[in-house]
Amino acid sequence: MSTNYWLLKSEPTAFSIEDLKNAPKKTSCWDGVRNYQARNFLRDSIKKGDKVFFYHSNAEPSGIAGTAEVVKEGYPDHTAFEPDDQHFDAKSDAKNPTWYMIDIKYEETFPRVLSLEELKHVPALTDMVLLQKGSRLSVQPVTKKQWEAICKLAQK
DNA sequence: GCCAACGTTGGC
DNA sequence: GCCAACGTTGGC
């Protein structure tokens, strides 16, 4: 099975790539996704061994900060069942979970953040989901071609 | 902090 | 099933 590529958004004030790097085993669950389209990717499409870009949103600047690898495929997001959790969802049922999460492991931090502004000017990336007008998906697919173009750009 | 764009909710 | 109102995302 071939590797697929993804982009995960996070506000660095909530959880940054540095937080992932400093986590035990450099691994963390990716919880709190409460959007059905993003949930479907987490539950159905993202596989162990897939690669992800770690995107910092609402940041200075917003952009791709580095990469990580999927180490655990979709499983129920338990934070949905915890009333004290910020991501609690009273309507979800532990016996038939609505929300899913994955585990990712830190791979690398790019020498510099590839800002949204910079990415917009890369011809190979014009079709990227991230760059579409009004795109808010916090879990989104990335093509191999886009992945390679971005990794190459990061090393410049 | 503003606000455009999108997603969700709920009345009908 | 429509759609207005509301809530959220996320760039700026």
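Naming convention: chains lettered A, B, ... in sequence-line order (proteins, then strands); numbering from 1 in each chain. On a predicted model such as this, the values are computed, not experimentally measured, just so you know.
- For the pair A/Gln140 CD and C/dT9 P, the interatomic distance rounds to 15 Å; values are reported in whole Å.
- Contact annotation: A/Lys91 side-chain N/O to B/dT8 OP1/OP2 distance is not under 4.0 Å.
- Residue A/Lys9 has no polar side-chain atom (N or O) positioned under 4.0 Å from OP1 or OP2 of C/dT9.
- Judged by distance alone, the side chain of A/Gln132 and the main-chain N or O of A/Thr126 form a donor-acceptor pair under 3.5 Å.
- Atom-to-atom, CZ of A/Arg136 to P of B/dA5 comes out at 12 Å; the value is rounded to the nearest Å.
- Note: CG (A/Asp89) to P (C/dT8) measures 13 Å, nearest angstrom.
- Contact annotation: A/Tyr36 side-chain N/O to B/dC6 OP1/OP2 distance is not under 4.0 Å.
- Two different hydrophobic clusters hold A/Ile104 and A/Val71 under the rule that ILVMFWY side chains link at heavy-atom gaps under 4.5 Å.
- Put simply, CD on A/Glu11 is 9 Å from P on C/dG11, counting in whole angstrom units.
- The separation between A/Leu116 atom CG and C/dT9 atom C1' is 14 Å, rounded to whole Å.
- With hydrogens and angles ignored, the 3.5 Å screen pairs no side-chain donor or acceptor of A/Asp103 with any backbone N or O of A/Val70.
- Put simply, CD on A/Gln86 is 13 Å from C1' on C/dT8, counting in whole angstrom units.
- Rounded to whole Å, the distance from NZ on A/Lys120 to P on C/dG10 is 14 Å.
- Contact between the side-chain N/O atoms of A/Ser62 and the OP1/OP2 oxygens of C/dG10 is not found at any separation under 4.0 Å.
- Map A/Asn58 and A/Lys133 each onto its nearest nucleotide of DNA chain B; the residue landing nearer the 5' end is A/Asn58.
- In this structure, A/Asn35 atom CG and C/dG7 atom P are separated by 18 Å, rounded to whole Å.
- A donor and an acceptor atom, one from each side chain of A/Trp6 and A/Asp50, are located under 3.5 Å apart.
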